[in-house]
Amino acid sequence: IESTGISEPLPVAQTFFFDMPDLPVNLSEISRLDTLVTVVDASSFYENLESLDTLIDRDWHETEDDKRNIVHLLIDQVEFANVILLNKTDLVSSGQIKKIEATIKKLNPGAKVIKTKHSNVNLSEVLNTGLFDYETTSQSAGWIKELENEHTPETEEYGISSLVFQSPKPFHPNRFWNYIKQFWPANIVRSKGLFWIASRPDKAINWSQAGSSLNAEPAGVWWDSLSKTERNQHPAFQANEERIMSRWTKEFGDRLNELVFIGQNLDKEELYKELEICLCNDEEIEQYHRGHLFHDPWPAWNRQEA
């Protein structure tokens with residue numbers, strides 16, 4: 001099945017892997033999802049990474065309210081694939097091919113990358129391979145592997161490396177906002193994770209950056225913001241209590257900044273220092289505990305925060 005170029009692979013896979021009540025037939029009973037194949041245009045790979053175009057900008061959208069960015073869609077398709085065809089290799093230099101391949105392998109270490117021209121590929125590489133497994137593929141993204149301490153150091157010879165930043169301390173809302181807006185390193189290809197800011201201690205914030213597109217949105221609340229009774233009665237907490245409590249701190253509970261950065265020629269030491277500067281210092285943490293109201297330029301995601 002060839003999906004449209006603007007399809008997100010995870011929902012497509014779920015259609016074949018799970019029983020979907022809205023469909024007249026249960027595809028999981030009559031078919032087998034064998035392999036997810038993504039085709040990457042080598043000649044426009046870096047151009048798309050640097051683009052802020054949306055699907056609407058390129059007239060690729062199917063509905064008028066489709067606000068997705070091209071680069072986020074590209075990264076999603078690369079991260080959720082079993083086989084990646086790096087196509088149009090005849091249109092770029094061998095050095096560029098190596099860098100693109102290294103970037104792809106860092107974004108999705110488990111995928112098989114095949115270099116092609118005109119998408120010519122041996123069909124045995126993409127048909128009846130048995131490569132797809134939902135649990136494995138859904139956790140195949142490089143940023144997930146980095147959080148699990150599964151590094152791919154062989155890519156660093158081409159200048160592609162990664163950094164995991166972790167700290168229980170809150171980000172200062174103003175400093176972190178200014179850093180993202182004004183000083184964000186252009187050589188970061190992908191970053192992902194959760195963070196929190198001192199002005200919104202209850203909110204876990206999801207961070208997702210792909211190329212020039214940066215996005216932050218609420219991801220729920222921290223367990224520590226709930227009463228002990230509410231926590232203990234919640235099925236998700238019960239199922240993950242051991243892992244949650246293993247990272248619990250007396251001062252901040254389960255609140256944690258955990259961000260993965262993948263980029264080209266990263267100055268990891270400098271990046272780490274810059275992120276640490278964005279954290280609240282000791283004096284500001286004392287102010288936080290006293291209920292200080294920090295200046296907060298972040299968007300109001302709901303009426304309660306407006």
(request) Any chance you could measure C278, atom SG, to R175, atom CZ, to the nearest 0.5 Å? (result) 7.0 Å
(request) Could you tell me whether a side-chain N or O of D267 sits under 3.5 Å from a main-chain N or O of E270, the two making a donor and an acceptor? (result) yes
(message) Atom CD of residue position E242 - does it have more than 12 heavy atoms of other residues, nucleotides or ligands inside 6.0 Å?
(response) no
(message) Quick check on the 6.0 Å ring-centre criterion: do F165 and Y272 meet it?
(response) yes
(request) Show your reasoning for whether salt bridge (charged side-chain N to carboxylate O under 4.0 Å, His left out) applies to K88 and D41. (result) CA-CA 6 Å; K88 298 187 180 180; D41 184 340; 3.2 Å; yes
(request) Might you point out which heavy atoms bring V39 and S119 nearest each other, and give the distance in Å? (result) CG1-OG, 4.1 Å
(message) Does atom CD (E251) have a neighbourhood of more than 12 heavy atoms from anything else shown, all under 6.0 Å?
(response) yes
(message) Are more than 12 heavy atoms, taken from residues, nucleotides or ligands other than H289, located less than 6.0 Å from that residue's NE2 atom?
(response) yes
(message) More than 12 heavy atoms of other residues, nucleotides or ligands under 6.0 Å from CD1 of I1: yes or no?
(response) no
(message) When you compare the side chain of E274 with that of I277, does any pair of heavy atoms fall below 4.5 Å?
(response) no
(request) Start with the C-alpha gap between S212 and E50, add the side-chain angles, then the distance that decides, and say whether side-chain hydrogen bond (donor to acceptor under 3.5 Å, both in side chains) holds. (result) CA-CA 5 Å; S212 299; E50 296 168 2; over 6 Å; no
(message) Taking the side chain as everything from C-beta on, heavy atoms only, tell me whether V37 gets closer than 4.5 Å to E125.
(response) no
(request) May I ask you to check whether over 12 heavy atoms, not counting those of D282, lie within 6.0 Å of atom CG? (result) no
(message) Would a single hydrophobic cluster contain both L36 and V83, if residues Ile, Leu, Val, Met, Phe, Trp and Tyr are joined by side-chain heavy-atom contacts under 4.5 Å?
(response) no
(request) Test L49 against V189 for side-chain contact (heavy atoms from CB on, under 4.5 Å), laying out the working first. (result) CA-CA 7 Å; L49 279 183; V189 174; 3.9 Å; yes
(request) May I ask you to decide if the ring planes of F80 and Y134 are parallel, tilted or perpendicular, using 30° and 60° as cut-offs? (result) perpendicular
(request) Kindly state whether the ring of W207 and the ring of W298 have centres lying under 6.0 angstrom apart. (result) no
(request) Say whether F237 and V221 are linked into one hydrophobic cluster, either directly or through other cluster members, by side-chain heavy-atom distances under 4.5 angstrom. (result) yes
(message) Please report the interatomic distance OG1(T38) to CG(N87), rounded to the nearest 0.5 Å.
(response) 12.5 Å
(message) Is it the case that the side chains of E230 and S227 hold a donor-acceptor pair, with the cut-off being a distance below 3.5 Å and no angle test?
(response) yes
(request) Locate the shortest heavy-atom distance separating E284 from L279; write the atom from each residue and the value. (result) OE1-O, 4.1 Å
(request) Taking the side chain as every heavy atom from C-beta outward, state whether E8 and L73 have any atom pair closer than 4.5 Å. (result) yes
(message) As an exercise, state the distance from OG1 of T35 to CZ of R32, rounded to the nearest 0.5 Å.
(response) 7.5 Å
(request) Would you confirm whether R255, through its side chain, and P170, through its main-chain N or O, come within 3.5 Å as a donor-acceptor pair? (result) no
(request) Determine, stepwise, if the pair D296 / R200 fulfils salt bridge (charged side-chain N to carboxylate O under 4.0 Å, His left out). (result) CA-CA 9 Å; D296 185 343; R200 308 186 195 187; 2.8 Å; yes
(request) Compare every heavy atom of W143 with every heavy atom of I262, then report the nearest pair and how far apart it is. (result) CD1-N, 4.2 Å
(message) Would you say CD of E2 has more than 12 non-hydrogen atoms from neighbouring residues, nucleotides or ligands within 6.0 angstrom?
(response) no
(message) Is it the case that the side chain of N187 and the backbone of Q264 share a donor-acceptor pair, with hydrogens and angles ignored and the cut-off at 3.5 Å?
(response) yes
(request) Using the rule that two of Ile, Leu, Val, Met, Phe, Trp, Tyr join whenever any of their side-chain heavy atoms come within less than 4.5 Å, decide whether L74 and Y46 are in one cluster. (result) yes
(request) Output yes when a side-chain donor or acceptor of H234 lies under 3.5 Å from a complementary backbone atom of A236, and no otherwise. (result) yes
(request) Report yes if the side chains of I160 and K99 come closer than 4.5 Å at any heavy-atom pair, otherwise no. (result) no
(request) For residues E258 and L147, determine if any side-chain heavy atom of one lies less than 4.5 Å from a side-chain heavy atom of the other. (result) yes
(message) Is any side-chain heavy atom of L256 closer than 4.5 Å to one of L194?
(response) no
(request) Please examine the side chains of I188 and L266, heavy atoms only from C-beta on, and report whether any two atoms are closer than 4.5 Å. (result) yes
(message) Closer than 3.5 angstrom, by distance alone: can the side chain of S138 be matched with the main-chain N or O of E135 as a donor-acceptor pair?
(response) yes
(request) Drop me the distance from C280's SG to E286's CD, to the nearest 0.5 angstrom. (result) 12.0 Å
(request) May I ask you to say whether K106 pairs ionically with E79, meaning some side-chain N is under 4.0 Å from a carboxylate O? (result) no
(message) Which heavy atom of P109 sits nearest to which heavy atom of S140, and what is that distance?
(response) CD-O, 3.5 Å
(message) When you measure from the side chain of N108 to the backbone of V78, do you find a donor-acceptor pair of N or O atoms at a distance under 3.5 Å?
(response) yes
(request) Could you please spell out the steps behind the side-chain hydrogen bond (donor to acceptor under 3.5 Å, both in side chains) verdict for T137 and N82? (result) CA-CA 7 Å; T137 305; N82 303 119; 3.2 Å; yes
(request) For the residue pair T103 and R190, confirm or rule out a side-chain donor-acceptor distance under 3.5 Å. (result) no
(message) Using 0.5 Å steps for rounding, measure from the CD atom of E276 to the OG atom of S167.
(response) 7.5 Å
(message) Using 0.5 Å steps for rounding, measure from the CD1 atom of I197 to the NE2 atom of H172.
(response) 10.5 Å
(message) Applying side-chain contact (heavy atoms from CB on, under 4.5 Å) to T89 and T116, what does each step give before you reach the verdict?
(response) CA-CA 6 Å; T89 54; T116 63; 5.9 Å; no
(message) Taking W222's backbone N and O only, do any of them form a donor-acceptor pair with S225's side chain (distance below 3.5 Å, no angle check)?
(response) yes
(message) In this structure, is the centre-to-centre distance between the rings of W196 and F252 below 6.0 Å?
(response) yes
(request) Look at the side chain of S213 and the backbone N and O of Q209, then say whether any donor-acceptor pair between them is shorter than 3.5 Å. (result) no
(request) Run the ring-centre check on F176 versus F195 and record whether the distance is less than 6.0 Å. (result) yes
(request) Please test V164 against F261 for side-chain contact (heavy atoms from CB on, under 4.5 Å), starting from the C-alpha separation and ending with a verdict. (result) CA-CA 6 Å; V164 177; F261 300 86; over 6 Å; no
(request) Please confirm whether the backbone N or O of V71 pairs with a side-chain atom of N69, one donor and one acceptor, at under 3.5 Å? (result) no
(request) Could you state whether I205 and L214 fall into the same hydrophobic cluster, counting links through intermediate Ile, Leu, Val, Met, Phe, Trp or Tyr residues with side-chain heavy atoms under 4.5 angstrom apart? (result) yes
(request) Could you tell me whether a side-chain N or O of Q96 sits under 3.5 Å from a main-chain N or O of S93, the two making a donor and an acceptor? (result) no
(message) Counting neighbours of CD on Q182 that are heavy atoms of other residues, nucleotides or ligands and sit closer than 6.0 Å, is the number greater than 12?
(response) yes
(message) Minimum heavy-atom separation for K268 and S162, please, with both atom names.
(response) CD-O, 3.1 Å
(request) Carefully, step by step, assess D34 and F132 under the rule side-chain contact (heavy atoms from CB on, under 4.5 Å). (result) CA-CA 5 Å; D34 177 78; F132 180 81; 5.8 Å; no
(message) Hydrophobic clusters here meaning ILVMFWY residues chained together by side-chain heavy-atom distances under 4.5 Å, can you tell me if F171 and W184 are in one?
(response) yes
(request) List the atom of V92, the atom of A42, and the distance in Å for their closest heavy-atom pair. (result) CG1-O, 3.8 Å
(request) Compute both the distance and the angle, then confirm whether R231 meets the cation-pi test with W223: under 6.0 Å from the six-membered ring centre, within 45 degrees of the axis. (result) no
